[in-house]
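Encoded as structure tokens, the structure appears first; notes follow it.
Just so it is clear: chains get the letters A, B, ... in the order the sequence lines come, proteins before strands, and each one is counted from 1. Quick note: numbers below take in every heavy atom, side chains included, and nothing from hydrogens, waters or symmetry partners.
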Number of protein chains: 2
Amino acid sequence: MPTPHYGQPRYRAIADELRERIKSGAIPPGAFLPAESVLTAEFKVSRGTIRQAISALRKDGLVATEHGRGTYANAQFHAQSSHHRANPRTRQREVSADEGLAELFDVEVGAPLIEQESVVRIGKRVATVTREYRLGPASS
Amino acid sequence: MPTPHYGQPRYRAIADELRERIKSGAIPPGAFLPAESVLTAEFKVSRGTIRQAISALRKDGLVATEHGRGTYANAQFHAQSSHHRANPRTRQREVSADEGLAELFDVEVGAPLIEQESVVRIGKRVATVTREYRLGPASS
DNA sequence: AGAAATTTGTCCGTATGTATC
DNA sequence: AGATACATACGGACAAATTTC
């Protein structure tokens, strides 16, 4: 009998649980989370649900995932003013609309937008950088 | 708010948008479309709707899907190779690297980069603007 | 060097329940 | 009632990157 989702969806509950483990230090920065297969066993949900939960954490910048390797907790505090590059392959932040974006979105210059930046590396070299813009939350 | 489908259903609007991206070259022949999960995020619709849209493109022969790999644009001998540059949703230009880009690409601030901008409209509204950066020609 | 195992990425099909036009 | 669409969830299969043997 699949899928009653009264109240809170399971993927969100799982995301909360994992977030807690990271913030509490049970999963220290840099350490890998259990594999998806392990998490499905632990929480007794399907893999898709686990992936949904992890996806939420990734969007929050809490974790990063690498194909064939795993998902690990990010060191997210003390982010800037350091001399060496961590590896944020994707990053979300709020920016002000430049002239071009303002015109496209039909907002004023300087209006808040959400920028999602992702970096594609080939080997160590950066191949492409993609910045995707959406309207900020303060818009209907 | 779920489901106002005045006039055109959303899956058809999304199919049109994707078709446009392919024909405009934003998704060149052979290139993969974003994954279903990415498209759900981009268009803010459910997976079922995305699958409906892609299914339409597949029926038109515009794209092909391979299990476990993804969906890619077909090498579509564009019929008569005519001149349809009416509504360029995508645009390419040369820009100067800002601080963030310069660091990622490991070039100086102000170095020339190629920016490819594409605009996704849902109905008349601009949903997302994507700017993709690559190194300019002046780099080997 | 090569094969196997592990792990994530992606798609397939299906299902339940809700809501709106 | 029917079509459209949402969010959630299942289980399966194949693909691809990485690690281990």
Side-chain angles (χ1 to χ4, degrees), chain A residues 1-18 27 30-59 62-74 87 89-90 118-124 127 130, chain B residues 1-18 27 30-59 62-74 122-123 125 127:
Chain A
M1 291 317 165
T3 321
H5 68 281
Y6 309 111
Q8 201 188 22
R10 314 187 65 173
Y11 78 88
R12 214 173 299 158
I14 293 170
D16 288 346
E17 169 61 33
L18 293 175
I27 302 176
F32 280 90
L33 273 63
E36 292 174 356
S37 57
V38 175
L39 292 173
T40 58
E42 186 181 325
F43 290 102
K44 297 199 169 38
V45 296
S46 73
R47 194 181 155 212
T49 303
I50 293 295
R51 287 177 61 78
Q52 223 173 333
I54 290 180
S55 172
L57 299 181
R58 203 167 26 230
K59 196 154 20 177
L62 262 171
V63 302
T65 300
E66 286 178 33
H67 190 171
R69 275 174 48 86
T71 299
Y72 52 88
N74 274 330
N87 52 339
R89 283 170 155 77
T90 111
S118 58
V119 178
V120 175
R121 289 185 173 82
I122 294 180
K124 286 193 171 185
T130 303
Chain B
M1 335 67 149
T3 321
H5 67 287
Y6 307 111
Q8 207 179 208
R10 309 194 63 175
Y11 76 89
R12 215 172 301 161
I14 291 170
D16 287 345
E17 175 56 42
L18 292 175
I27 302 178
F32 280 91
L33 273 63
E36 292 175 353
S37 58
V38 175
L39 291 174
T40 59
E42 228 176 271
F43 290 104
K44 294 192 178 22
V45 297
S46 72
R47 185 186 158 215
T49 303
I50 293 295
R51 284 174 63 74
Q52 238 176 317
I54 289 181
S55 172
L57 299 180
R58 203 164 30 227
K59 208 170 328 191
L62 260 172
V63 302
T65 301
E66 283 179 38
H67 191 172
R69 268 172 54 86
T71 298
Y72 53 86
N74 272 331
I122 228 172
R125 259 212 176 53

Legend entry - Contacts of type side chain to side chain contact (heavy atoms under 4.5 Å, CB included), residue A:A41, not counting sequence neighbours: none

Inset, instruction - Would you state whether a donor and an acceptor, one from the side chain of B:H67 and one from the base of D:dC14, lie under 3.5 Å apart? - result: no

Figure out the [atom1]/[atom2] separation between [X] and [N], and round it to whole Å.
{"X": "B:L39", "N": "D:dA5", "atom1": "CG", "atom2": "C1'", "result": "17 Å"}
{"X": "A:F43", "N": "D:dA9", "atom1": "CZ", "atom2": "C1'", "result": "16 Å"}
{"X": "B:R10", "N": "D:dA5", "atom1": "CZ", "atom2": "P", "result": "8 Å"}
{"X": "B:Y72", "N": "C:dC11", "atom1": "OH", "atom2": "C1'", "result": "13 Å"}
{"X": "A:R69", "N": "C:dT7", "atom1": "CZ", "atom2": "P", "result": "12 Å"}
{"X": "B:E36", "N": "D:dA9", "atom1": "CD", "atom2": "P", "result": "18 Å"}
{"X": "B:R12", "N": "D:dT4", "atom1": "CZ", "atom2": "P", "result": "7 Å"}

Inset, instruction - Could you list by number each residue of residues 46-58 of chain B showing a heavy-atom separation from DNA chain D of less than 4.0 Å, or answer none if no residue does? - result: B:S46, B:T49

Legend entry - For the student: nearest non-hydrogen atoms of B:V63 and B:A73, plus distance: CG1-CA, 4.2 Å

Could I get a table of every N or O pair under 3.5 Å where one atom is in the protein and the other is in nucleotides 1-6 of chain C?
none

Side-chain polar contacts of residues 47-56 of chain B - donor-acceptor pairs under 3.5 angstrom, sequence neighbours left out - could you list them?
from, atom 1, to, atom 2, distance (Å)
B:R47, NE, B:E36, OE1, 3.0
B:T49, OG1, B:S46, OG, 3.4
B:R51, NH1, B:E36, OE2, 2.9

Inset, instruction - Could you check if a side-chain atom of A:R10 sits within less than 4.5 angstrom of a side-chain atom of A:F43, using non-hydrogen atoms only? - result: no

Legend entry - Nearest to side-chain heavy atoms of A:T71, which nucleotide of D:dA16, D:dC6, C:dT8: C:dT8

Legend entry - N/O (side chain, B:Y11) to phosphate O (OP1/OP2, D:dA5) under 4.0 Å: no

Legend entry - Rounded distance (nearest 0.5 Å) linking atom CD1 of B:I14 with atom CD of B:E42: 10.0 Å

Inset, instruction - Find the distance between CG (B:L57) and CG (B:L33) and round it off to the nearest 0.5 Å. - result: 7.5 Å

Legend entry - Terminal axis angle for the helix from C:dG2-D:dC21 to C:dC21-D:dG2, five pairs an end, nearest 10 degrees: 10°

If you look only at distance, which donor and acceptor atoms sit under 3.5 Å apart when one is on a side chain in residues 65-72 of chain B and the other is two or more places apart or in another chain?
from, atom 1, to, atom 2, distance (Å)
B:T65, OG1, B:R58, NH1, 2.7
B:T65, OG1, B:T71, OG1, 2.8
B:E66, OE1, B:R69, NE, 3.0
B:E66, OE2, B:Y72, OH, 3.0

